[in-house]
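Beneath this line is the structure, given in structure tokens, with notes to follow.
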Amino acid sequence: MSASTSGKPDSKRDETKTTNRVNDTNKDASLLHRLAGPSSMKAGLALDQLEINKRIAEASKGSKYYENERRKDEELASKINALLKQRDELMAMADIPRLEAVADKVIAELEATRDLSQYIVHIDMDSFYASVEMLDNPSLVGKAFGVGSLGGVLSTASYEARKLGVRSGMAGHIAKKLAPDLIFVTNHFSRYSEVSGQVMTILRRYDETMNPVGVDEAYLNITDYCEANKITPEECTENIRKAIFQETKLTASAGIAPNKRKMLAKICSERNKPNGLFKLEFDAQAIRDFMKGLPIRRIPGVGRVTERLLESVGIKTCEDIYTQRATLVLMDKHFHMHDKLEIYLGLGSNVVRPWPREARKSVGSERTFHAISDPARINEKLEQVAKELEEDMERLGYSGHTVTLKLKLDTFEGNRAKSVHRPIRKYNELLSVGQELLAHELPLKLRLLGLRVTNLKDLRAQESGIKRFFGQTDDPNTRPLKRRKISNDKEVNTTVVGSILISDDEDDVDAGTSRKDLKRAATATPERPRSQILPDADVAPRASSHEPMPSQDTSPLPSKRAKTRPDHSSTSRKKPDELRSEQHICPICSKTLQTDNTGLNEHIDWCLSRSAILEASASETLNAGHGKPVSTQNKAISKAGGSKPKPKATQHSKPDIRLAWKQL
DNA sequence: CGGATCGAC
DNA sequence: CTATGTCGATCCG
Ligand SMILES: Nc1ncnc2c1ncn2[C@H]1C[C@H](O)[C@@H](COP(=O)(O)OP(=O)(O)OP(=O)(O)O)O1
Ligand SMILES: [Mg+2]
Ligand SMILES: [Mg+2]
């Protein structure tokens, strides 16, 4: 049961299966597994993994961090026990063949939606931060080093260091135990940002709508490019990798597949990590075979906790998803059958597009320091955080309406957060709100303080409708972007009449600007009392304009793209891609529904139990309107009275008791 | 809607 | 002795 909120060392990536098998049921083994995360790469390492885990456990023992992890691990374990108990009860009564039939039907329908027409490429730079560091300091080449600090956490590590078990997210001192000769190199975020900009610029040449994900990776749809230039996807991708290498001297790995996120292309790019390419065969059967052997943990979105949950019901590889489909149907609420079946089939979205500014939902800043309880000193930390946050908000061009305070006790546990509403923009506002929230919690010993603003207002967005004289501070290609919900604000135009607008703007990435910042050190040592003046430390993960990219594909924006992708759009229209918009097709009864997600789920629940009860035969006939055009889509502008305008039908909070009774 | 969890880079 | 920072999604009540 590995778990824990705080980031564990990067695991994922491991082939040589999870060695321990005998100890697997052992509590210690699970905790150990979580602390370390499977690592190892190719063969060779398998043997060492147990030893590595052991050393990590030894080094961790006794620390508060470790104790907190252990606590979480136990919580998860009991959660799983409860889940299994429920499953056993349900399975005892269930008509398994029927449940499997339900899943099989969904599988058949999903298979029918498979779209192999697009060439989606995922590009990911190799050990990015580490590679940039080697670029700037060639003497590091061939050495085992980590980027970060002893006493801090590592952002990443060189491949030589990885061979010894060192990973992203690993505490420096733990890494040192694994690799006594490990070299520590400090982060240079603005450099990474700069290089990232170069890479992204190259990628855009192959696909304007290229979709960056973080600083070192991106998705591209090269279908048009290949067509126009009469080259194969492999050639195109190799050209891309060559261009990146020639222009930046860095290597990247790539994956080519018919869909991206959550699936194939991304998985393929990791297939042969160091400087390689992997293209999946564009054939339904080949894809299904490819998926079969994959450990579910390799699926983006499946982390330690989910892995544990699935493993508890016998699902370790994607093939097991099929074997255990009855359980998935039965406990859909917990296991999301639909998503899992898509994974089993290797299906996924093939929509690639950049992230619009309006998609940002929050801006925050937080900081870890050696635990303190003195209110005055805590307040200083709050001031720092507030100041940094104001700078970021200014730089990014947002103001916000709600602020939440984040705290972490010296025990690592009990992260707590509160929030307040009120228009926020400047430092003093952030600080005073933060102080209010903090005061309410105070007698505490803290190791972290953070502030985050949500309910953002985009200060650079063209004024809704009428005024938009000011230069385009945004994407040069933005056209008549879809208007959002106009200002439904009650509060009339905040301060800032046009004047202040466009303060600095500078545009996207702060491209190597004269950033003399010496601010927070993400991966660096947590707060060095005195001295510690790293004149260079440009440390600070800049949140460049575009970078987040949630799994959701069905994003708002209408496609304004001039270039058209042949079928693509029409093809994918076949199925509701993911299921988020408004129209859905029930996977059980195939009816088209006009409803939101929860409405759809409710319908499916109803539909499942219905069809089970009434024998498959009658399935078609009865379908009283469910999934009806879902009531009013009230935008709920009325916050005045009881904000409960929605009748919200009966909520069967009953978990999975749907198909509980067996057929009779 | 706020808070806690999970996941990712 | 020692364990980051930033952000999105989802579920629960
Ligand atoms: N947990 C983390 N905390 C802070 N920074 C991180 C973390 N994980 C990754 N990063 C940063 C450093 C990485 O170089 C960069 C890109 O991540 P990622 O692509 O996952 O690994 P990587 O590029 O270092 O190695 P790989 O060759 O496996 O891709 O993001
Ligand atoms: Mg990478
Ligand atoms: Mg990456």
Side-chain angles (χ1 to χ4, degrees), chain A residues 3-12 35 56 59-60 62-66 68-69 72 75-76 79 124-125 128-129 148-156 168-177 187 189 192 212-217 261 266 297 299-309 333-334 336 355 359-370 385 388-389 392 402 404 406 408 412 414-421 447-448 450 452 454-455 519-527 539-543 547-552 580 597-598 636 639 643-644 651 653 655:
Chain A
S4 141
T5 60
S6 45
K8 255 135 241 10
D10 191 6
S11 74
K12 288 247 189 213
L35 282 171
I56 292 176
S60 302
S63 69
K64 285 175 179 168
Y65 176 80
Y66 176 84
N68 188 242
E69 292 301 301
K72 288 179 186 167
E75 285 174 12
L76 179 57
K79 219 195 285 187
D124 187 303
M125 302 299 292
F128 191 54
Y129 291 7
S149 66
L150 181 73
V153 145
L154 302 182
S155 292
T156 193
S168 282
M170 182 175 278
H173 72 98
I174 298 285
K176 188 79 175 175
K177 302 237 170 172
N187 284 294
F189 295 108
Y192 311 144
V213 177
V215 285
D216 93 320
E217 63 193 83
R261 180 166 230 71
K266 188 176 177 68
R297 183 63 166 80
I299 305 302
V302 175
R304 291 189 174 79
V305 173
T306 303
E307 174 187 35
R308 269 327 210 279
L309 291 175
K333 282 288 188 296
H334 295 279
H336 305 106
W355 254 71
R360 177 178 284 268
K361 295 189 172 150
S362 72
V363 179
S365 177
E366 67 187 54
R367 191 166 177 108
T368 292
F369 37 81
H370 93 285
V385 170
E388 289 173 1
L389 180 52
D392 287 348
T402 110
T404 89
K406 177 180 176 182
K408 181 143 69 182
F412 283 91
N415 299 30
R416 315 201 295 109
K418 284 242 172 175
S419 73
V420 140
H421 175 292
R447 81 172 340 255
L448 175 150
R452 176 163 298 271
T454 51
N455 250 304
K519 320 169 35 168
R520 47 208 147 139
T523 289
T525 302
E527 253 242 332
V539 220
R542 258 34 262 253
E547 45 124 315
M549 193 245 153
S551 49
Q552 222 68 297
R580 309 296 183 197
N597 237 338
T598 57
K639 51 195 56 337
S643 53
K644 264 293 191 273
Q651 279 275 96
S653 44

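Proteins get letters first, then strands, A, B, ... in listed order; numbering begins at 1 in each. If you're wondering where the values come from, they're calculated on a predicted model, not measured in any experiment.
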Practice task
Determine: side-chain N/O of A:His334 to OP1/OP2 of C:dC11, distance under 4.0 Å, yes or no.
Solution key: no
Practice task
Please determine if a side-chain N or O atom of A:Lys266 lies less than 4.0 Å away from the OP1 or OP2 oxygen of B:dC9.
Solution key: yes
Exercise for the section: Without swapping roles, check the side chain of A:Lys12 against the backbone of A:Val302 for a donor-acceptor pair under 3.5 Å. Expected result: yes
Handout entry: C:dG8 phosphate, OP1 or OP2, under 4.0 Å from A:Ser362 side-chain N/O
Key = yes
Practice task
Would you kindly give the OH-to-P distance between A:Tyr129 and B:dC9, to the nearest whole Å?
Solution key: 12 Å
Practice task
For the side chain of A:Asp216, starting at C-beta, report the closest nucleotide among C:dT4, B:dC9, C:dT2.
Solution key: B:dC9
Completion exercise
A:Lys177 NZ to C:dC1 P, in whole Å, measures 10 Å
Handout entry: Candidates B:dA8, C:dA9, C:dC7 - which lies nearest the side chain of A:Lys12
Key = B:dA8
Handout entry: Which nucleotide in B:dG7, C:dT6, B:dA8 has an atom nearest any side-chain atom of A:Arg297
Key = B:dA8
Problem - Phosphate contact (C:dA3 OP1 or OP2) by A:Arg447 side-chain N/O below 4.0 Å - result: yes
Practice task
Select one nucleotide: of B:dG3, C:dT6, B:dC6, the one nearest the side-chain heavy atoms of A:Ser419.
Solution key: B:dG3
Handout entry: Spacing of A:Lys408 atom NZ relative to B:dG3 atom C1', expressed in whole Å
Key = 16 Å
Problem - Distance, rounded to the nearest Å, where A:Leu150 contributes CG and C:dA3 contributes C1' - result: 11 Å
Handout entry: Under-4.0 Å side-chain N/O to phosphate OP1/OP2 contact, A:Arg452 with C:dT6
Key = no
Handout entry: Most 5' of A:Thr306 and A:Asn455 on DNA chain B, judged by nearest nucleotide
Key = A:Asn455
Problem - Whole angstrom value for the distance that separates C1' of B:dG7 from CG of A:Asp10 - result: 12 Å
Handout entry: side chain to side chain donor-acceptor pair (under 3.5 Å) partners of A:Tyr192, counting only residues at least two apart
Key = A:Glu133
Practice task
Would you check, one step at a time, whether the test side chain to side chain contact (heavy atoms under 4.5 Å, CB included) holds for A:Glu388 with A:Arg367?
Solution key: CA-CA 10 Å; A:Glu388 289 173 1; A:Arg367 191 166 177 108; 3.5 Å; yes
Handout entry: Donor on one side chain, acceptor on other, A:Thr454 and A:Thr402, under 3.5 Å
Key = yes
Exercise for the section: Kindly say if A:Thr404 contacts the phosphate of B:dG3, meaning a side-chain N or O under 4.0 Å from OP1 or OP2. Expected result: no
Practice task
Check every strand shown and say whether A:Ile174 touches a base, only sugar-phosphate, or nothing at a heavy-atom separation below 4.0 Å.
Solution key: base
Practice task
Assign A:Lys79 to base, sugar-phosphate, or nothing according to its heavy-atom contacts below 4.0 angstrom with the strands shown.
Solution key: sugar-phosphate
Exercise for the section: Measure the distance from CG on A:Leu309 to P on B:dG7 and round it to the nearest whole Å. Expected result: 8 Å
Problem - Span that lies between the P atom of C:dA3 and that of B:dA8, in whole angstrom - result: 24 Å
Practice task
Specify the separation, in whole Å, of atom OH of A:Tyr192 and atom C1' of C:dG5.
Solution key: 14 Å
Handout entry: Evaluation steps, side chain to side chain contact (heavy atoms under 4.5 Å, CB included), between A:Tyr129 and A:Val215
Key = CA-CA 10 Å; A:Tyr129 291 7; A:Val215 285; 4.0 Å; yes
Problem - Nearest-nucleotide pick for A:Glu217, side chain only, options being C:dA9, B:dG2, B:dC9 - result: B:dC9
Handout entry: Nearest-nucleotide pick for A:His173, side chain only, options being C:dC11, C:dT6, C:dA3
Key = C:dA3
Practice task
Give the rounded distance in Å between these two atoms: CD of A:Glu75 and P of B:dT5.
Solution key: 7 Å
Practice task
Return no unless some side-chain N or O of A:Lys361 is found under 4.0 Å from OP1 or OP2 of C:dA9.
Solution key: yes
Problem - Pair of N/O donor and acceptor under 3.5 Å linking C:dA3 base with A:Ser60 side chain - result: yes
Completion exercise
By nearest-nucleotide position on DNA chain C, the 5'-leaning member of A:Leu448 and A:His336 is A:Leu448
Exercise for the section: Mind listing the closest non-hydrogen atom pair of A:Asn187 and A:Ser155 along with its distance? Expected result: OD1-OG, 3.1 Å
Exercise for the section: Evaluate the criterion side chain to side chain contact (heavy atoms under 4.5 Å, CB included) for residue pair A:Arg304 and A:Leu76; output intermediate values, then yes/no. Expected result: CA-CA 11 Å; A:Arg304 291 189 174 79; A:Leu76 179 57; over 6 Å; no
Exercise for the section: Examine C:dT4: is either OP1 or OP2 under 4.0 Å from a nitrogen or oxygen in the side chain of A:Arg367? Give yes or no. Expected result: no
Problem - Below 4.0 Å: OP1/OP2 of B:dC9 and any side-chain N or O of A:Thr156 - result: no
